[in-house]
Amino acid sequence: MSIQELEIYRLDIPFRISFKHSSAERRRTQSVWVEAVGEGLVGRGEGCPREYVTNENMATAAAFFAEHRRAVLDGIHDFEDLVSWERRHAATIDENPAAWCAIELAMLDWLARRDGSPVEDLLSLTRLDGTYRYTAVVGDSGMDSFRSTTARYRDLGFADFKLKLSGDVGRDRERLRWLHELEVKGLRVRVDANNLWDRVEEAAEHLTALGCPFLGIEEPLEANDLAGLRRLADETGCRMILDESLLREEQITRLEEDPHHWIVNLRVSKMGGLLRSLAVARRAREASIPVIVGAQVGETSLLTRAGLVAAGCAADNLLAQEGAFGTLLLETDVADPPLMFGAGGIVDATVLELGAKPGWGLSFTSDRGIFQRL
């Protein structure tokens, strides 16, 4: 049995509400969807190309797919082939991580379905069980929206919050003040600046003025300004969360001299798939650097499911987890029912039997209207 065809689509789903941060404002998905088809089986994969993260867009993803589709079909027939192909083409994948992610996840799903087992078996990992707790991620919206959104999260039992900073110190301080007035039990707060500042001094002044101890500060400076981030970590007393500044396993080498300064934001799509994400999770653990399993805004249940594998691999080195918004954010989802958090931000993998079903263990929608051929 082998995969006979690879098909690529643009996944087009409107958001229920727009989501804004300093780098972008989104009102619908920007995702590529790949299906691996053969022997009556369909494997499915998703990637989220982002210009400001990996310098990708829908056009580059389509071009990558067109260039490599035939070689992938001819060269990958089992899991060992997939691992080997990925290693041989590492440099190309470095330039097209989201595009490759969609292909890799589709092939992992197909291979696991062929074996009649969950993806974890294919990866020689423990099957998913237990609960996973997600973060409340709040965009840079107006104050009325911010108040109602955070209050709903509080009422749902969330204690972990990630706030997108605006760069306006008064606006950011008002939001943090409101969040603390909610009296959330066990509150943990981290902030995401999305590369707002050019200079350490500007960032330090703004963050210090907020007067709040943060679990971490995500990408306050230009991407890869590690020297500046080290200075900022010392001045604020907070760890720096690396997102755009950490895309591959080997980049962790740059952090090993001072692991106390860093947190890795591991997003399956930006890392170039699940296999590379697992390598990052393992390397970060060896370096004693905590991991957040992050998510691109607009991810569907499929990338949420892949992120659960990475979270399980990170184990007690997992600091927090993002995603699983499902139809709270999207008007519809690729999975029916969608894989999304409930009260307290919890996804219960045991109840959902994700570790007992073939492939990703999801039931996918029959609505093809959300898939547009690329």
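No hydrogens, no waters, no symmetry mates; every other heavy atom, side chains included, goes into these values. The structure displayed is predicted, hence computed values, not measured ones.
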Can [X] and [Y] be counted as having a side-chain donor-acceptor contact under 3.5 angstrom?
X	Y	value
Thr300	Glu46	yes
Arg283	Thr253	yes
Trp110	Glu39	no
Asp172	His206	yes

Contact list for [range], test ring pair (Phe, Tyr, Trp, His ring centres under 6.0 Å), sequence neighbours left out:
range	answer
residues 246-283	none
residues 279-332	Phe325-Phe341
residues 300-324	none
residues 276-295	none

Salt-bridge present ([X], [Y]; N to O < 4.0 Å):
X	Y	answer
Asp109	Arg113	yes
Glu5	Arg69	yes
Asp94	Arg276	yes

Open item on the list: Using a 4.5 Å cut-off between side-chain heavy atoms of Ile, Leu, Val, Met, Phe, Trp and Tyr, which other residues end up in the same hydrophobic cluster as Val351?
Closed with: none

Task: Side-chain cluster (under 4.5 Å, hydrophobic types only) that Leu319 belongs to, other residues - done: Leu215, Ile241, Ile263, Ile292

Open item on the list: What's the separation between atom CG in Leu111 and atom OG in Ser117, rounded to the nearest 0.5 Å?
Closed with: 9.5 Å

- [ ] Kindly compute the distance separating CZ (Arg267) from CG (Leu303), expressed to the nearest 0.5 Å.
- [x] 11.0 Å

For [X], side chain to side chain donor-acceptor pair (under 3.5 Å) partners two or more places apart:
X	answer
Arg177	none
Ser245	Glu219
Arg282	none

Open item on the list: Suppose we screen for salt bridge (Lys or Arg N to Asp or Glu O under 4.0 Å). Which residues come up paired with Arg190, at least two apart in sequence or across chains?
Closed with: Asp160, Glu322

Task: Set of residues satisfying salt bridge (Lys or Arg N to Asp or Glu O under 4.0 Å) with respect to Arg133, sequence neighbours excluded - done: none

Open item on the list: According to a hydrophobic-cluster definition based on side-chain heavy atoms being under 4.5 Å apart (Ile, Leu, Val, Met, Phe, Trp, Tyr only), do Val34 and Phe79 belong together?
Closed with: yes

TODO: In sequence, state the C-alpha distance, the side-chain angles, and the governing distance for Arg147 and Glu174, and then conclude on salt bridge (charged side-chain N to carboxylate O under 4.0 Å, His left out).
DONE: CA-CA 10 Å; Arg147 289 192 181 100; Glu174 182 182 8; 3.4 Å; yes

Taking [X] for its side chain and [Y] for its backbone only, find out whether a donor-acceptor pair lies under 3.5 Å.
X	Y	answer
His68	Phe64	no
Lys164	Asn194	no
Arg239	Pro259	yes
Lys270	Asp243	yes
Asn317	Ile289	yes

TODO: Scan for side chain to side chain donor-acceptor pair (under 3.5 Å) pairs involving residues 333-356, sequence neighbours excluded, and state none if there are none.
DONE: Ser301-Asp333

Task: Verdict with supporting geometry, Arg305 and Glu120, salt bridge (charged side-chain N to carboxylate O under 4.0 Å, His left out) - done: CA-CA 11 Å; Arg305 175 63 176 89; Glu120 285 78 10; 2.9 Å; yes

Task: Flag if over 12 foreign heavy atoms under 6.0 Å of CZ, Arg368 - done: yes

- [ ] Check whether any side-chain heavy atom of Leu73 lies under 4.5 Å from a side-chain heavy atom of Ile3, and answer yes or no.
- [x] yes

